[in-house]
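Structure record follows, encoded as structure tokens.
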Amino acid sequence: QLRVLIYNIGRNRIEPGERNLFDVSISGSGGVRLSHVELVDYQGRPYNAKAGQIGMPENFVLNQNYPNPFNPSTVISFGLPQASNWTLRIFNITGAVVREFNGVSDAGTVEVTWDGRADTGAQTASGIYLYKLEAGGFADSKKMILLK
């Protein structure tokens, strides 16, 4: 597992827009996978971050949401090795479906942003939520925490 911290204690800043902050060179044929990227400022406020194209997923995979815990929104990503219909459901701790996303996507990585709202548009309460992906005969679930 590789974690990278980039910081500047001076007054320099990164200008807005798309920026390539660093590259990681990989050699060999090992099973290397980028699971997620997080970017926050000095006060811990999150920013959108995007990883470069890493290659097509070899298997279906459901990644851990980020940030986690989150407020007000989180990103759930998953990998599809082939074009697939998919359904992503978010459940509260009692097992009731709070929100459902579905679609058809080509092979690659799909990202869904959940804003902490139910299908009705109502804001959900703080707590533990489960999310489950079903795609191409694959099913997996993970938990996340909404903190207000």
Side-chain angles (χ1 to χ4, degrees), residues 1-7 14 16-41 43-148:
Q1 183 176 28
L2 172 67
R3 292 176 182 234
V4 178
L5 171 65
I6 300 174
Y7 68 95
I14 299 168
E18 265 189 46
R19 300 283 181 254
N20 186 12
L21 297 179
F22 70 96
D23 293 312
V24 177
S25 299
I26 300 170
S27 61
S29 59
V32 177
R33 178 176 66 90
L34 179 65
S35 61
H36 75 274
V37 175
E38 290 183 57
L39 180 65
V40 297
D41 68 8
Q43 287 80 27
R45 293 181 298 237
Y47 286 84
N48 290 331
K50 180 173 79 173
Q53 183 62 30
I54 304 302
M56 289 298 175
E58 294 180 14
N59 300 305
F60 288 97
V61 63
L62 175 61
N63 299 311
Q64 185 64 51
N65 67 302
Y66 63 91
N68 188 33
F70 70 95
N71 180 14
S73 65
T74 189
V75 175
I76 301 168
S77 66
F78 50 92
L80 304 174
Q82 62 203 32
S84 303
N85 293 325
W86 55 267
T87 301
L88 179 69
R89 291 184 182 94
I90 299 172
F91 301 88
N92 63 21
I93 199 67
T94 66
V97 176
V98 172
R99 185 82 183 257
E100 182 174 306
F101 301 92
N102 49 52
V104 179
S105 299
D106 291 332
T109 301
V110 177
E111 289 187 345
V112 174
T113 300
W114 182 44
D115 61 3
R117 295 188 180 277
D119 280 331
T120 63
Q123 187 65 47
T124 57
S126 293
I128 298 173
Y129 291 85
L130 304 171
Y131 58 99
K132 180 178 183 180
L133 172 68
E134 295 175 343
F138 169 84
D140 193 13
S141 61
K142 298 197 180 290
K143 77 175 181 179
M144 59 185 160
I145 300 171
L146 171 58
L147 286 179
K148 295 185 180 183

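All values below come from the heavy atoms of this structure, side chains included, with hydrogens, waters and symmetry mates left out.
The two residues Phe138 and Leu62 come nearest to each other via the heavy atoms CZ-N, 4.2 Å. A pairwise comparison of heavy atoms in Met144 and Asn68 identifies CA-OD1, 3.4 Å as the closest pair. Here the closest heavy-atom approach between residue Pro67 and residue Ser73 is recorded as CD-O, 4.1 Å. Summarising the geometry of Gly79 relative to Pro57, their closest heavy-atom pair is CA-CG, 3.8 Å, with the distance given to 0.1 Å.
In this structure the side chain of Val112 reaches within 4.5 angstrom of the side chain of Phe78, judged on heavy atoms. Inter-residue side-chain proximity for Val98 and Phe91 is flagged as unmet; no heavy-atom pair is nearer than 4.5 Å.
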*From CA spacing to verdict: side-chain contact (heavy atoms from CB on, under 4.5 Å), Val110, Ile76*: CA-CA 8 Å; Val110 177; Ile76 301 168; over 6 Å; no
*Which is it for Leu88 and Asn102 under the side-chain contact (heavy atoms from CB on, under 4.5 Å) test, yes or no, and what are the steps along the way?*
CA-CA 6 Å; Leu88 179 69; Asn102 49 52; over 6 Å; no
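Using a distance-only test at 3.5 Å, with no hydrogens or angles considered, no donor-acceptor pair links the side chain of Gln123 to the main chain of Ala118. In this structure, the side chain of Tyr131 engages the main chain of Asn65 through a donor-acceptor pair within 3.5 Å.
Separating the CG atom in Leu80 from the CZ atom in Phe60 is a distance of 6.0 Å, to the nearest 0.5 Å. Expressed to the nearest 0.5 Å, how far CD1 of Ile145 lies from CG of Leu147 amounts to 6.5 Å. Between Thr124 atom OG1 and Leu146 atom CG the span is 5.0 Å, to the nearest 0.5 Å. To the nearest 0.5 Å, the span separating NZ on Lys143 from CG on Leu130 amounts to 8.5 Å. Note that CH2 of Trp86 is 8.0 Å distant from CG of Leu133, once rounded to the nearest 0.5 Å.
With sequence neighbours left out, Asp119 forms a salt bridge (Lys or Arg N to Asp or Glu O under 4.0 Å) with Arg99. Partners of Lys132 under the salt bridge (Lys or Arg N to Asp or Glu O under 4.0 Å) rule, at least two apart in sequence or in another chain, are Glu134. Scored by the side chain to side chain donor-acceptor pair (under 3.5 Å) test, Trp114 finds no partners at all (sequence neighbours excluded). Applying the side chain to side chain donor-acceptor pair (under 3.5 Å) rule to Thr94 yields the partners Asn92; only residues at least two apart in sequence or on another chain are considered.
With hydrogens and angles left out, the side-chain atoms of Asn63 and Ser77 include a donor and acceptor closer than 3.5 Å.
For residues 56-83, no residue pair satisfies the salt bridge (Lys or Arg N to Asp or Glu O under 4.0 Å) rule, not counting sequence neighbours. Legend: salt bridge (Lys or Arg N to Asp or Glu O under 4.0 Å) pairs involving residues 100-109, not counting sequence neighbours, sorted by first then second residue: Arg89-Glu100.
Few gaps surround NZ on Lys148; more than 12 heavy atoms of other groups in view lie less than 6.0 Å from it.
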